[in-house]
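In what follows, a single structure is set out as structure tokens and then discussed.
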Protein chains: 2
Amino acid sequence: MKKKPTIYDIASKLNITAATVSRALNDSELISKKTKKMVLESAHELSYFKNRHALALKSGRTNQIGLVVPFINRHFFSNIIMGVEEELYPKGYQVMIFQSNESEKKEQDVVEALLKNQVDGVLISVSKTTRTKSHFNKIIENNLPLIFFDRKVDVDNSSSVETDDEFGGKIATQHLIDQGCSQIAYVTVDLNLNIYKNRFKGYKKALEANNIDFNSDLVFQANSDVISGRKVARQILSNDIKIDSIFCSSDYIALGVIQELKDNNVDIPGDISVVGFSNEPFTELLDLTLTSIEQNPYEIGKSAARVFLDQVNAKDAIIEHAIKLKPKLCIRNSSMKNSLKPH
Amino acid sequence: MKKKPTIYDIASKLNITAATVSRALNDSELISKKTKKMVLESAHELSYFKNRHALALKSGRTNQIGLVVPFINRHFFSNIIMGVEEELYPKGYQVMIFQSNESEKKEQDVVEALLKNQVDGVLISVSKTTRTKSHFNKIIENNLPLIFFDRKVDVDNSSSVETDDEFGGKIATQHLIDQGCSQIAYVTVDLNLNIYKNRFKGYKKALEANNIDFNSDLVFQANSDVISGRKVARQILSNDIKIDSIFCSSDYIALGVIQELKDNNVDIPGDISVVGFSNEPFTELLDLTLTSIEQNPYEIGKSAARVFLDQVNAKDAIIEHAIKLKPKLCIRNSSMKNSLKPH
DNA sequence: TTATATTGTGCAATCCATTGCATAATATTG
DNA sequence: CAATATTATGCAATGGATTGCACAATATAA
């Protein structure tokens, strides 16, 4: 197990001091071109590279950032991670990925761990169960860039990158209206969460813009899963609620709705059009492909990473970004009334 | 921005030296109980914690391990990551996640980066395009545990954790036979890859065990995607090949097959039963749920992590593990001939 | 009580790179 | 050529924790 070369090895080989080598490697203008060249060649020859930990110890900066997501094995979040890495890796940053498991306690622990690691910044999507924010303030107190993505909390001097959920809700609803629908049911998840609140807002705005009266009887509450979707559909059928379409704020709900409706011989989209939200991978794999709203997590990740870079490069200046990315409507068969369906 | 406390802060507060503090914190038997207690209390009071980078610099060990996957946003791999983290996080290890993007060059770069980081070990699922192994040897030369998971390469002193693909191929085929099938088509992906080679082997073994002649006309080659699956199905239909079932070595292929067969009014599973491989999340979301083989990536991750722990704790002793985890058959509607289907 | 053993602490070097200050080497100017 | 300005390098401390060796403090035995 050969030892890794250090600047001292280069120095002694060239009969100069480590200080000179260090300056040469950092392209200091104090060092003559001749010496720089010697050092660089020698470094390459020994396949020398700087010891990250020595650097971190000396400078307090690690070139590592902390990335916290509720779960890594979700299509949405893993694609965000992809985006972040894509943007930060070329700049020499390493991304330390952590999961909060939607637990506030774990989230606090993880932030603690990140601070111990002396990361240069934190990108985080807040756990659903988080109610306090002292752990976020700690990050700010340490003078580190803090960027929320997808789910944010109000913290001074932090930035955020989100989907424009209201816009998403609006275009989904507008799409249904464009298909001739007017009795549009809406299925929401926990309205305490901003993302759902905003989707709902978009739904109402679209109705309003088209002079369709909002009818609270058409609004249903569910969890974000297939079973809940089925339940809602059953409720609609058994109460004989008259609708021509359903906009679900989750693809899983939409799938449950479709399954239940089909089981009851309702024609989709003929009788009822269905639209989901998030554009989960399965939406295009179904027999009846599902119209949905694409949030482009990859771009969210890239954007959050860019905000981070902005903040570190700004040094003292406090920059607060609040970015909203427009989601995109992906039209598929579940919503296309009276028209040729793509195969 | 307050400075982080060090052992020197504790030392001066207690009028002792940093050496004593260090020993006390490490519970050295050289230190009196009284002093230990003082130090521990003081450390807690200042909310002191060790500086990872100072430790790494001194010891050469970082308590970080490198985890390399082709893509992080795949259900299979992200669940492996979950397993690894679950096992290693409580032991004080941090997991640095990297992607190779199925590129040999990127994989080499990533391994290089890991070595620069002085990780304490590497867990890797080899990129499909990797043909050389000098980067793996470098890991071994650095005396670091190297554990392959899912996809391995033959490297001395390394360990591996894999799915028992042959077993998976066997139980899938046996299941079809148990349903009364005997004309079982097989769709494989690149036979140069071990995982597919072994699944194929399992298929043949099962046939043999049931005295069914292997018929190479029933073996098809495809890429692991829906389109390829459709193509295979079309080929079977247009050539009027007589089969009663198809075992696809990928769920995506199976899905394509199902779609094409349905489009041609073939009854599944009545006329033809279909089985996939990998138990992708979508398999249970389909109208016709897909029977598949669950590889339990979470367990693969945990197992790989445990092997790593074994290796680091073994110090000098060279331990080579070669673990094969049994996959599990998940029976769903696509394969259940003549029987009650689960709803 | 003195000599010896035992136990608890301190000193200082080490891991590797950076950087303020001092100084040597060279170039410029009078 | 002497004197000053430039330029290039070296010295040594720093960041935080560890550890071999020396030594002080205490306990035990004679």
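By convention in this document, chain letters (A, B, ...) are assigned in the order of the sequence lines, proteins followed by strands, and residues within each chain are numbered from 1.
Comment: B/Arg151 engages B/Glu102 in a salt bridge, judged by a side-chain N to carboxylate O separation of less than 4.0 angstrom. Using a 4.0 Å cut-off between charged side-chain N and carboxylate O, B/Lys138 and B/Glu112 make a salt bridge. A salt bridge between A/Arg306 and A/Glu87 is present, with a side-chain N of the basic residue lying under 4.0 Å from a carboxylate O of the acidic one.
Here the side chain of A/Asn79 pairs no donor or acceptor atom with the backbone of A/Pro297 at under 3.5 angstrom.
Each ring pair (Phe, Tyr, Trp, His ring centres under 6.0 Å) pair with one or both residues in residues 92-120 of chain B, not counting sequence neighbours, appears once here: B/Tyr93-B/Phe308. Applying the ring pair (Phe, Tyr, Trp, His ring centres under 6.0 Å) test to every pair with at least one member in residues 44-69 of chain B, sequence neighbours left out, gives these pairs: A/His53-B/His53. Screening residues 11-21 of chain A for salt bridge (charged side-chain N to carboxylate O under 4.0 Å, His left out), with sequence neighbours left out, gives A/Lys13-A/Glu45.
Per the geometry, CG belonging to A/Leu55 stands 8 Å off C1' belonging to C/dC16, to the nearest Å. Look at NZ on B/Lys36: it is 10 Å from P on C/dT9, rounded to the nearest Å. Here the P atom of nucleotide C/dT18 and the CD1 atom of A/Ile7 are 6 Å apart, to the nearest Å. Spacing between atom CG of A/Leu57 and atom P of C/dC15 amounts to 14 Å, rounded to whole angstrom units. Regarding B/Leu25, its CG atom lies at a distance of 15 Å from the C1' atom of C/dT9, rounded to whole Å. Whole-Å rounding puts the B/Tyr8 OH to C/dA12 P distance at 13 Å. C/dG8 atom C1' lies 12 Å from atom CD of B/Glu29, rounded to whole Å.
Listed by chain and number, the residues in a side-chain contact (heavy atoms from CB on, under 4.5 Å) with B/Asn101 are B/Phe71, B/Gln99, B/Lys106 (sequence neighbours excluded). Applying the salt bridge (charged side-chain N to carboxylate O under 4.0 Å, His left out) criterion to A/Asp164, with sequence neighbours excluded, gives A/Lys326. Every side-chain contact (heavy atoms from CB on, under 4.5 Å) that B/Asn117 has, sequence neighbours left out, goes to A/Arg52, A/Gln64, A/Gln94, B/Gln64, B/Val119. Listed by chain and residue number, B/Phe148, B/Ser160, B/Glu162 satisfy the side-chain contact (heavy atoms from CB on, under 4.5 Å) test with B/Lys152 (two or more places apart in sequence, or in another chain). In this structure, the side-chain contact (heavy atoms from CB on, under 4.5 Å) partners of B/Ile97, at least two apart in sequence or on a different chain, are A/Ile72, A/Ile97, B/Leu67, B/Ile72, B/Ile81, B/Glu85, B/Val95.
Read 5' to 3', the first and last nucleotides of DNA chain D with an atom closer than 4.0 Å to a heavy atom of chain B are D/dG16 to D/dC21.
In this model, a donor atom of one side chain and an acceptor atom of the other lie less than 3.5 Å apart for A/Lys50 and A/Asn26. A/Asn142 and B/Lys4 share a donor-acceptor pair across their side chains, judged by distance under 3.5 Å alone.
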Under-3.5 Å N/O pairs linking protein and nucleotides 19-28 of chain C:
unit_1	atom_1	unit_2	atom_2	d
C/dG20	O6	A/Arg23	NH2	2.4

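For C/dT18, neither phosphate oxygen OP1 nor OP2 lies less than 4.0 angstrom from any side-chain nitrogen or oxygen of A/Ser59.
End-to-end axis angle for the helix from C/dT1-D/dA30 to C/dG30-D/dC1, using five pairs per end and rounding to 10°, comes out at 50°.
Residues from residues 42-51 of chain A with heavy atoms under 4.0 angstrom of DNA chain C, sorted by number: A/Tyr48, A/Phe49, A/Lys50, A/Asn51.
If B/Asn15 and A/Ala54 are placed on DNA chain C by their nearest nucleotide, the residue sitting closer to the 5' end is B/Asn15.
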